[in-house]
Amino acid sequence: MTTTETNKPTEMAKAYDSSTVEQRIYEMWERGGYFKPRVDPDKKPFTIIQPPPNVTGELHLGHALTSTIEDILIRWHRMKGDPTLWMPGLDHAAISTQNVVERELAKEGISRHDLGREKFLERVWEWVNKYRHVITDQHKRLGVSADWDRIVFTLDPQVTKAVRTTFLNLYNDGLIYRGERLINWCPKDGTALSDLEVKHEEVAGHLWYLRYPVLKDGSESEVEPGEFFVVATTRPETMVADTAVAINPASERWLKYRGRRVLLPIVDRPIPVIEDEAVDVAFGTGALKITPGHDFNDFEIGQRHGLPVLNGMTLDGHLSEVAGPYEGVERFAARAAIVSQLGREGLLEKVEDYTTSIGHCDRCNTIVEPLISTQWFVKMEPLAKEAIRVVRRNQIRIVPDRFYATYFQWMENIRDWCISRQIWWGHRIPVWYCADGHMFAAIEDPTTCAECGSTAIEQDEDTLDTWFSSQLWPHVTLGWPDKTKDLEYFYPTSVMETGYDIIFFWVARMIMIGLYNTGEIPFEWVYLHGMVLNKDGKKMSKSKGTGVDPLPVIDKYGADALRFVLAAGGGPGNDMRLSDQKLEGGRNFANKLWNIARYVISTAANSPPSPGAERASRSQSRLGDSGGELGDAGGRLQSRSARGELALEDRWILSRATQVAGEADHFLSQFLINEAAQRVRNFVWDEFADWYVEMSKVRLREGDQSPIPVLREVLDTSLRLLHPFMPFVTEEIWQNGGAASGATEPLIVAEWPTIESGKVDEEAEAIVEIAIEIVRSIRNTRAEKGVEPGRWVEAHIQPRPAEDWIALRSGLVGRQIDMEAALQKLAPVMSYLARVKPLHLLAPGEAPPTGEVVTSVLSGAIVTLPVGGLFDVEAERARIAKQVAEAEDELSRLKSKLGDANFRVKAPKEIVAHEEARLASVQSRLEGLRGQLDQLG
RNA sequence: GGGCGAUUAGCUCAGUUGGUUAGAGCACCUCGCUUACACCGAGGGGGUCAAAGGUUCGAGUCCUUUAUCGCCCACCA
């Protein structure tokens with residue numbers, strides 16, 4: 001009842017106005033419950049779990065791309081009749097969200113510590129509850145047909161249960177451990193980060209050469225005058241935490257100091273000279289300062305030599321008590337001050353410009369500090385092993401396949417994952433400590449210590465990395481750890497569609513933990529799309545504020561325009577630039593479709609329904625079984641005529657429509673979404689609108705209604721094929737009478753067209769293409785000769801031997817085609833489209849006129865246009881001579897190819913046969929051209 | 001230091017397993033407000049497919065090397 005008294009078209013506006021349509025259509029879909037899966041136990045469902053966007057409420061065009069691709073796949077499968085579930089979600093986005101709220105607080109002049117944990121979390125919840133709908137609304141504007149009633153937030157109780165269950169299992173299996181390690185620390189966010197959350201950037205800096213005075217043997221403070229051990233460093237402020245200097249045992253320069261000690265300047269602490277192979281003799285001075293507390297390399301060297309680890313830095317990026325006089329000084333201020341002091345004391349040998357790669361916080365872009373700290377880790381290697389195996393065995397397939405290498409490379413070199421975060425917003429680590437030093441994990445909040453029963457217990461203060469919960473997404477959204485029907489039916493899911501930028505963050509971890517938790521793969525396919533770049537080819541970034549909000553784009557161009565551009569604009573996994581020009585193109589196409597529909601619908605409405613036309617429409621309907629009655633090639637025309645006098649051009653466009661449907665379906669099944677979109681677009685615009693619609697006018701002007709059912713059917717098919725890409729405009733047209741007939745349901749659940757072999761009509765395709773070729777040629781000549789567009793001109797058309805082009809079409813080989821009769825049928829169409837009157841169709845052997853004529857020898861016909869006073873012998877001779885030369889070129893190419901014995905032997909025989917057919921065709925055409933040249937004298 | 005991608009018309013990009021004379025959109029030039037559409041129609045110009053080798057009967061497509069740009073991974077101070 002939501003549709004359509006289909007055949008009562010309302011007045012359609014002259015131009016498509018998305019703003020008056022989209023909301024209404026979306027509400028109709030939602031009210032109708034079309035986004036819900038129609039579960040059928042006997043059918044394999046198609047399921048996509050939406051990558052949950054951050055609640056921070058900043059959707060950008062990357063999300064629009066994600067949603068568009070997923071919605072296309074979802075709508076396509078829904079139309080194919082699969083039980084289709086698109087599961088939406090929202091991510092609490094731990095650090096990002098906490099940052100946003102802290103910024104809000106900062107405006108009020110307070111920090112989260114002023115509020116305390118509980119009050120702060122209340123504030124975040126307030127904020128989240130205020131904005132969580134914004135994202136959903138943005139998705140709805142894009143046309144996202146997800147089952148919104150199922151939306152899951154990563155902090156929902158069900159997810160908490162799953163997170164804790166996962167944690168406990170990993171903990172019990174020894175795959176989660178707590179330890180003091182060197183980790184990446186963001187001083188601004190005040191938390192540990194995982195390796196993935198650190199982005200390395202080349203930064204222009206300096207290499208400082210520092211002199212460490214050499215101590216006299218046995219002394220703690222007396223130095224050898226004038227003897228220095230020189231080390232090069234990019235971070236001089238970390239020297240306060242040095243616990244050794246190192247030389248390579250192979251290095252000659254420093255051998256004299258082996259076994260000695262040096263006095264660390266500034267803090268006057270003696271440190272040993274150690275020897276380690278890891279020191280690069282060729283770099284800097286060939287000696288290295290060792291700061292195990294602030295450098296991953298040094299940490300390892302320190303471990304090897306049993307060096308103490310000093311923490312020279314506080315959690316907020318100031319120097320610690322270790323720094324003596326510089327305690328409490330901000331790290332970069334301290335760098336300047338220390339360098340300056342060393343300079344004054346003659347302990348700075350030199351400074352060089354040096355560019356080095358420095359880690360930055362993925363969320364706030366602050367330079368991270370390697371810091372020694374007690375954190376929680378997941379032991380990844382055992383999990384990765386399984387995840388590698390399922391992909392190697394093709395149980396999970398990745399598109400595009402170049403990302404296999406990326407996946408394996410990372411997985412095979414995987415390192416442990418630091419999962420604890422020193423922030424408040426997120427899943428609190430489900431571990432409790434009792435006063436007696438016991439530690440245990442639990443799913444339900446405990447009241448007593450699991451080991452000693454003490455009631456003096458406290459939960460770990462830290463929270464989990466936001467990806468710890470999102471990695472559970474495919475199974476937790478379906479009910480895990482409970483054994484739900486949804487989980488049983490929809491899991492493993494079908495396609496995981498997301499950007500290639502989070503293959504490690506998310507995709508890889510989902511595979512690992514999905515296997516761990518459920519014993520099954522989480523999804524069968526991984527489809528990775530590219531990044532949406534701005535007009536200048538730069539990546540849009542939330543943190544840099546360069547993200548583009550899709551809503552103004554939709555307001556200006558319409559959701560369909562945006563979607564179409566995103567879908568058609570680039571290949572799988574490739575980055576794509578978006579520009580206003582492209583969006584205009586998308587909008588124009590929506591408008592084109594709208595106007596095709598306007599023409600078809602109003603034409604149909606203004607014509608008295610004829611019984612014959614109605615019958616043709618029904619029998620052409622995709623629901624009817626038209627295949628059977630067509631029979632073999634011989635009986636084709638007869639049975640067609642029995643179906644209601646289908647003209648050649650009708651057969652042509654119906655054949656093309658079904659072929660395009662087949663292609664679109666094929667491309668979509670290969671994830672070649674752009675190819676599918678472009679193919680359908682080109683059909684609709686270039687074939688249906690530019691040719692068939694124009695052809696249909698010829699009969700309609702004569703009062704012949706027979707094109708109407710064909711127009712309606714092709715429009716109908718076009719709408720179905722375009723619906724996944726442009727859901728709003730297609731549905732609106734459908735609701736306005738665009739459905740061919742008998743539609744009782746909206747387009748969103750209409751049946752997806754597939755290729756119907758009964759409608760493929762190669763003969764009609766070939767003939768009409770020749771007619772098109774003739775029309776084009778005449779138009780071309782007219783334009784060249786400057787014939788006024790309104791003027792009717794005379795033309796002579798002589799069919800060329802049909803064998804020439806029949807041989808070029810494998811489906812037609814051996815067929816007898818009466819071209820004279822066929823072109824006779826198409827004469828009114830050609831006449832109208834080329835503004836030719838009278839149009840003389842010459843019989844075989846009948847000579848076209850000579851004299852002041854322009855002649856074109858085409859593949860299917862020779863066209864002769866008397867041009868009277870516009871005739872120019874020289875120009876004509878040149879024109880034909882040029883064509884002769886081209887044909888001769890082609891001929892010689894073909895001859896040499898066919899003359900090559902290797903080619904004849906090694907190329908497939910279809911190819912050889914085809915080339916031979918071409919040769920014959922070119923030869924025959926060349927004869928025609930030479931004949932023309934002769935006549936010019 | 002490894003790995004990946006890109007390099008095709010003035011611009012932005014397609015080109016599905018190697019097989020006609022390499023396509024599209026936009027831009028450009030010439031016409032045209034013909035009762036679906038000027039968010040349009042008709043016609044046209046424009047490419048040695050980054051370079052060099054190689055494999056092949058045949059290469060934009062496969063292989064090697066190089067150049068430029070971009071991205072990812074990596075503990076070189």
Side-chain angles (χ1 to χ4, degrees), chain A residues 12 14-16 195 200 207 231-235 246 278-280 283-285 287-291 295-301 354 356-357 370 400 402-403 405-406 409-410 413 500-501 503-504 530-531 535 537 539 557 561 565 568-571 573-579 581-582 584-603 663 666-667 670 672 674-675 678 681-682 686 689-690 693-694 697 776 779-784 786 788-790 808 833 835 886 889-890 893-894 897 900-908 910-912 914-915 917-918:
Chain A
M12 288 172 77
K14 193 170 176 184
Y16 174 62
D195 296 338
H200 292 271
L207 193 58
V231 292
T233 179
T234 54
R235 301 198 305 149
V279 181
D280 183 350
F283 188 88
T285 62
L288 189 60
K289 69 194 263 303
I290 304 296
T291 322
D295 185 282
F296 289 94
N297 258 327
D298 293 2
F299 183 80
E300 277 182 27
I301 295 175
Y354 190 71
T356 186
S357 169
R402 64 172 180 270
F403 290 110
T406 313
Q409 196 274 338
W410 189 73
N413 298 288
Y500 65 68
D501 55 333
I503 182 168
F504 307 136
M531 301 295 109
K535 197 168 157 291
K539 187 172 167 180
Y557 298 102
V565 171
N574 290 352
D575 293 349
M576 180 195 321
R577 298 190 199 193
L578 208 63
S579 64
Q581 283 184 342
K582 290 184 184 181
E584 272 175 31
R587 180 202 58 191
N588 293 354
F589 180 48
N591 186 246
K592 185 73 188 182
L593 181 67
W594 179 258
N595 274 289
I596 294 167
R598 214 157 69 93
Y599 166 77
V600 173
I601 292 165
S602 70
T603 304
E663 288 168 20
H666 169 75
F667 285 128
Q670 307 276 313
L672 294 168
N674 58 323
E675 285 295 312
Q678 285 171 23
R681 190 207 106 104
N682 291 343
D686 302 343
D690 286 349
V693 162
E694 294 307 313
K697 291 174 182 173
R776 282 218 171 98
R779 283 171 173 173
N780 179 338
T781 305
R782 294 176 58 119
E784 241 174 54
E788 298 84 353
L808 289 169
L833 294 179
R835 280 195 108 63
E886 282 166 2
D889 276 357
E890 196 180 348
R893 263 200 310 276
L894 288 165
K897 197 173 194 179
D900 183 345
N902 267 327
F903 174 71
R904 288 188 169 278
V905 173
K906 293 187 179 168
E910 313 88 70
I911 300 285
V912 177
H914 193 257
E915 297 298 297
R918 278 183 62 205

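Note: hydrogens, waters and symmetry copies are ignored here, and every other heavy atom, side chains too, is used. Letters go in sequence order (proteins before strands), and every chain restarts at 1.
Within the structure, every side-chain polar atom (N or O) of Lys697(A) is placed at least 4.0 Å from both OP1 and OP2 of rU35(B). The phosphate of rU21(B) has OP1 or OP2 within less than 4.0 Å of a side-chain N or O from Arg918(A). Listed pair Arg598(A) / rC37(B) meets the phosphate criterion, a side-chain N or O lying under 4.0 Å from OP1 or OP2. Within the structure, a side-chain polar atom (N or O) of Asn574(A) is placed less than 4.0 Å from OP1 or OP2 of rA14(B). Here Arg681(A) does not reach the OP1 or OP2 of rA24(B): none of its side-chain N or O atoms lies under 4.0 Å away.
Going from the P atom of rA36(B) to that of rC31(B) covers 25 Å, rounded to whole Å. Nucleotides rU35(B) and rG46(B) place their P atoms 34 Å apart, quoted to the nearest Å. Spacing between rA74(B) and rC28(B) at atom C1', rounded to whole Å, works out to 48 Å.
Using a 4.0 Å heavy-atom distance criterion, Val600(A) is classed as making no nucleic acid contact. Counting any heavy atom pair closer than 4.0 Å across all strands shown, Gly573(A) reaches no nucleic acid atom.
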I'd like to compare against my own output: the B/S/- annotation of nucleotides 72-77 of chain B with a strict under-4.0 Å heavy-atom distance to protein.
SS-BBB
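Here the nucleotide nearest the side chain of Arg402(A), chosen from rC13(B), rG5(B), rU21(B), is rG5(B). Among rU12(B), rC40(B), rA36(B), the nucleotide with an atom closest to any side-chain atom of Asn595(A) is rA36(B).
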All N/O pairs under 3.5 Å across the protein-nucleotides 41-44 of chain B interface:
unit_1, atom_1, unit_2, atom_2, d
rG41(B), OP1, Lys592(A), NZ, 3.0
rG41(B), OP1, Trp685(A), NE1, 2.4
rA42(B), O3', Arg779(A), NH1, 3.4
rG44(B), OP1, Asn780(A), ND2, 3.0

Between protein and nucleic acid, restricted to nucleotides 56-67 of chain B and to nitrogen or oxygen atoms under 3.5 Å apart, what atom pairs and distances do you find?
unit_1, atom_1, unit_2, atom_2, d
rC57(B), OP1, Lys906(A), NZ, 2.2
rC57(B), O2', Asp900(A), OD2, 3.4

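Across the protein-nucleic acid pair, Met12(A) atom CE and rC37(B) atom C1' stand 11 Å apart, rounded to whole Å. Spacing between atom CD of Gln581(A) and atom P of rC28(B) amounts to 10 Å, rounded to whole angstrom units. We find that CZ of Arg587(A) is positioned 13 Å from C1' of rC26(B), with the value rounded to whole Å.
Arg893(A) and Glu890(A) are not joined by a salt bridge, as no carboxylate oxygen comes within less than 4.0 angstrom of a charged side-chain nitrogen.
The nucleotide rC75(B) finds no pairing partner, because no Watson-Crick or G-U wobble arrangement with both distances shorter than 3.5 Å includes it. Judged by Watson-Crick or G-U wobble contacts below 3.5 Å, the nucleotide rC33(B) has no partner. If you check rG70(B) for Watson-Crick or wobble pairing at under 3.5 angstrom, you find it paired to rC4(B).
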